[in-house]
Amino acid sequence: MTVSGQEITDYVERVRAALADLPPAVREELTEDLPEHLAEVAAEDGGSLVERLGEPEAYAAELRAAAGAGERSAGRLGLEQRFGAVAGRVRVRLSGLDTRLGPLLGYASASEFLRLLRPAWWVLRGYLAASLLGAMTGAPLAVVPRVGSSAMAGLVLLVGCVLASIWLGRRAGELRRWPRLLLRAGTLVLVVFALAALVQVDERARWHGDYGYDPISVRNPYDEVQDVYVYDSEGRLVENARLFDQNGTPIRLGWPSCTDPALPDVNPVQRGYPYCPEQAPFRPRPPAQVPVPPGTAPTTAAPSATATPTGAAPTPTVSAPTPTGGAPGPTVTAPAGPTAPAPVPTS
């Protein structure tokens with residue numbers, strides 16, 4: 001029968017629990033070389049660790065007696081006995097479940113099948129660690145973890161995390177109590193992160209299926225807006241403008257970086273845009289001026305010679321009457337200026 005590393009770890013934990021009433025320094029000294037000793041015993045054929053060394057509590061009593069640490073206190077013994085009884089009942093139920101699930105997987109127990117998957121878990125644990133570290137730098141979730149916006153740095157991080165996870169997995173049975181507890185706590189954090197990542201990936205997949213595209217996570221460009229400037233079609237700045245959406249809800253962007261002395265008691269968010277007109281990015285251009293060549297005096301437009309004086313009456317047009325019985329006389333039109341008398345026709 002082959003003794004697994006998990007059995008060694010469980011045996012060491014039970015021995016340390018039986019020595020929990022001792023000072024930490026004494027307990028660590030007694031169990032410092034225990035994992036290596038158990039590994040040597042496990043390498044020999046002849047049954048499980050309990051069959052060879054006895055129950056962990058009995059082995060702990062032998063260590064206590066060899067170190068001259070004395071008997072366990074009655075109060076602590078009772079508490080640990082109750083805790084051990086509860087842990088024993090849970091262990092028995094898990095063992096029964098392990099045995100029942102084993103045949104469904106084609107093995108004597110489910111734990112035997114799971115032990116074969118430990119190398120795969122070590123690789124997955126390294127991948128999850130790299131993804132978590134990449135997400136902490138602000139990078140979105142991706143197949144290859146990223147560090148910020150760098151895929152190459154993410155690839156290097158992934159390789160390093162996978163190698164570190166494999167190294168820890170092969171030496172988990174040799175770790176002492178606190179490093180082992182930290183490793184388990186880190187594993188729990190990675191499992192929670194994996195579940196959250198699965199939920200996010202599922203939401204993105206459903207969004208892609210419902211709307212036909214995959215949303216891209218980008219920073220909102222309106223987060224950095226401080227003021228809004230509205231211009232009409234002639235390029236003139238419109239002041240006291242207000243923005244509304246299609247439902248009539250006011251749109252509020254930014255916050256004034258200046259104060260209006262004329263409105264000291266008015267809430268800035270109740271003012272119209274722009275908050276700071278003097279900081280407008282565009283100004284009306286001055287009228288264009290025709291350049292004058294050097295040495296040329298500016299010309300002044302002369303007044304029109306035919307200008308009509310202000311208040312002068314328009315000059316009427318006078319036509320001469322035609323005499324009765326005679327030849328028609330010529331029609332004379334008076335020129336502009338004073339009114340001239342009509343000519344008298346000759347008979």
Side-chain angles (χ1 to χ4, degrees), residues 1-99 109-112 114-115 118-119 121-122 125 129 163-191:
M1 178 179 179
T2 303
V3 178
S4 64
Q6 186 62 41
E7 294 180 26
I8 296 176
T9 302
D10 294 340
Y11 196 95
V12 172
E13 289 182 353
R14 292 179 61 182
V15 170
R16 288 176 173 169
L19 300 175
D21 61 315
L22 298 178
V26 176
R27 183 173 63 249
E28 292 297 331
E29 182 180 358
L30 293 177
T31 59
E32 180 179 5
D33 300 328
L34 183 58
E36 291 81 359
H37 173 64
L38 295 180
E40 294 176 359
V41 175
E44 303 173 357
D45 295 332
S48 64
L49 293 177
V50 175
E51 295 174 353
R52 302 177 197 181
L53 302 177
E55 293 293 332
E57 290 75 14
Y59 188 87
E62 295 178 3
L63 292 178
R64 183 191 298 271
E71 297 294 333
R72 303 168 68 182
S73 59
R76 191 172 184 86
L77 180 61
L79 178 62
E80 292 183 358
Q81 283 181 342
R82 289 193 295 269
F83 178 78
V86 173
R89 287 195 297 268
V90 173
R91 190 178 296 108
V92 170
R93 293 183 180 182
L94 291 179
S95 178
L97 181 62
D98 184 22
T99 304
S109 62
S111 59
E112 183 179 354
L114 294 177
R115 279 194 292 270
R118 282 187 297 180
W121 162 244
W122 297 341
R125 180 174 59 185
L163 294 178
S165 178
I166 294 175
W167 184 86
L168 286 174
R170 293 177 60 87
R171 291 164 176 77
E174 303 174 4
L175 297 177
R176 295 186 178 183
R177 181 182 181 185
W178 287 111
R180 186 170 59 255
L181 292 178
L182 290 177
L183 179 60
R184 292 180 178 178
T187 301
L188 179 60
V189 171
L190 292 178
V191 171

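Atom set for the values below is all heavy atoms of this structure, side chains included, hydrogens, waters and symmetry mates excluded. The first residue of the sequence shown is numbered 1, and numbering continues consecutively from there.
R64 places a side-chain N or O within donor-acceptor distance of the main-chain N or O of A18, the cut-off being under 3.5 Å.
Rounding to the nearest 0.5 Å gives a distance of 8.0 Å between CZ of R125 and CG of L190. L97 CG to S111 OG: the interatomic distance, rounded to the nearest 0.5 Å, is 10.5 Å.
For R170, the CZ atom sits in a loose shell: 12 or fewer heavy atoms of surrounding residues, nucleotides or ligands are nearer than 6.0 Å.
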Report, one line per pair, each donor and acceptor closer than 3.5 Å where one atom sits in a side chain of residues 26-39; sequence neighbours left out.
unit_1: R27; atom_1: NH1; unit_2: L22; atom_2: O; d: 3.1
unit_1: T31; atom_1: OG1; unit_2: R16; atom_2: NE; d: 3.4
unit_1: T31; atom_1: OG1; unit_2: R27; atom_2: O; d: 2.8
unit_1: E32; atom_1: OE2; unit_2: R176; atom_2: NH2; d: 3.0

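When side chains are defined from C-beta on, W122 does not count as touching L163, because their heavy atoms never get closer than 4.5 Å. Counting heavy atoms from C-beta outward, D98 and E112 have side chains that stay 4.5 Å or more apart. Contact annotation: the side chain of R14 never approaches that of Y59 to less than 4.5 Å [non-hydrogen atoms, C-beta and beyond].
Partners of R180 by salt bridge (charged side-chain N to carboxylate O under 4.0 Å, His left out), not counting sequence neighbours, listed by chain and number: E13.
The two atoms that bring L183 and A172 nearest to each other are CD2-CB, 4.3 Å, heavy atoms only.
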